[in-house]
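Following: one structure in structure tokens, then a few remarks.
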Amino acid sequence: NMGTRLKVLSVFKKLHRTRMDVFREDERALTAARLQINEEFKKNKNETSEEDIEKMIKMGSDVEAVLRETVLQVEHVAENKLRLRPREGLLLENVPYCDEPRKKS
């Protein structure tokens, strides 16, 4: 059905856009992610069960969210030294760790 095809295509494109953002400037990771995404979609392209296709669409959306929300780029800049390269908006909701519980005011 056409609606399902559009949903599959939408998830496919969204995964690739997220891959391009998450792994920016890391050719090895960009290539590995591209091959993995393409392989997973190719492997299931002849699936006919609407129920299974919906499950795979959900899985693809979940994977995209995990990539977008949890993957950080880290770059080796020297021996025993790394540079964190967070994407814009990724660390905004980070709350500093505190051993002592906050006092209720």
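The figures here come from the full heavy-atom set of this structure, side chains too, leaving out hydrogens, waters and symmetry mates.
Considering OG of Ser49 and CD of Glu54, their distance stands at 9.5 Å, rounded to 0.5 Å. For the atom pair Asp52 CG and Glu47 CD, the distance stands at 4.5 Å (nearest 0.5 Å). The CG atom of Asn1 sits 9.0 Å away from the CG atom of Leu6 when rounded to the nearest 0.5 Å. In this structure, the separation between NZ on Lys7 and CE on Met56 is 13.0 Å, given to the nearest 0.5 Å. We find the CD-CZ distance between Gln36 and Phe41 to be 11.0 Å, quoted to the nearest 0.5 Å.
Contacts of Asp21 classified as side chain to side chain contact (heavy atoms under 4.5 Å, CB included), with partners at least two apart in sequence or in another chain: Arg24, Arg87. Not counting sequence neighbours, Phe23 has no partner by the ring pair (Phe, Tyr, Trp, His ring centres under 6.0 Å) test. Residues passing the side chain to side chain contact (heavy atoms under 4.5 Å, CB included) test with Thr70, sequence neighbours excluded: Val66. Listed by chain and number, the residues in a salt bridge (charged side-chain N to carboxylate O under 4.0 Å, His left out) with Glu27 amount to none (sequence neighbours excluded).
In this structure, Val77 and Leu82 have side chains that are not in contact, with every pair of non-hydrogen atoms separated by 4.5 Å or more. Between Ile37 and Arg19, some side-chain heavy-atom pair lies under the 4.5 Å cut-off.
Here the rule is side chain to side chain contact (heavy atoms under 4.5 Å, CB included) with Ile53, and of Thr48, Val8, Asn44 only Val8 fits it.
Contact record, Val11 with Ser61: CG2-OG, 3.7 Å, taken as the closest heavy-atom pair. Closest approach of Met20 to Leu30, counting heavy atoms only: CA-CD2, 3.8 Å. Residue Leu67 comes nearest to Val22 through the heavy atom pair O-CG2, 3.6 Å, listed as atom of the first residue, atom of the second, then distance.
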Fill in: Step-by-step side-chain contact (heavy atoms from CB on, under 4.5 Å) determination, Asp26 to Glu75
CA-CA 10 Å; Asp26 183 342; Glu75 172 183 16; over 6 Å; no

Worksheet entry | Criterion side-chain contact (heavy atoms from CB on, under 4.5 Å) on His76 and Arg83, from CA distance to verdict | CA-CA 6 Å; His76 282 274; Arg83 176 183 298 136; over 6 Å; no

Discussion item. Would Arg17 and Lys14 count as a side-chain contact (heavy atoms from CB on, under 4.5 Å) here? Give the steps.
Written reply: CA-CA 5 Å; Arg17 279 194 300 272; Lys14 195 167 188 179; 4.1 Å; yes

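Cluster membership for Ile57 and Phe12, using ILVMFWY side-chain heavy atoms within less than 4.5 angstrom, is shared.
For residues 59-70, the set of pairs meeting the salt bridge (charged side-chain N to carboxylate O under 4.0 Å, His left out) definition, not counting sequence neighbours, comprises Lys58-Asp62, Glu64-Arg68. Applying the salt bridge (charged side-chain N to carboxylate O under 4.0 Å, His left out) test to every pair with at least one member in residues 36-45, sequence neighbours left out, gives these pairs: Glu40-Lys43.
More than 12 non-hydrogen atoms from other residues, nucleotides or ligands lie less than 6.0 angstrom from CD of Glu50.
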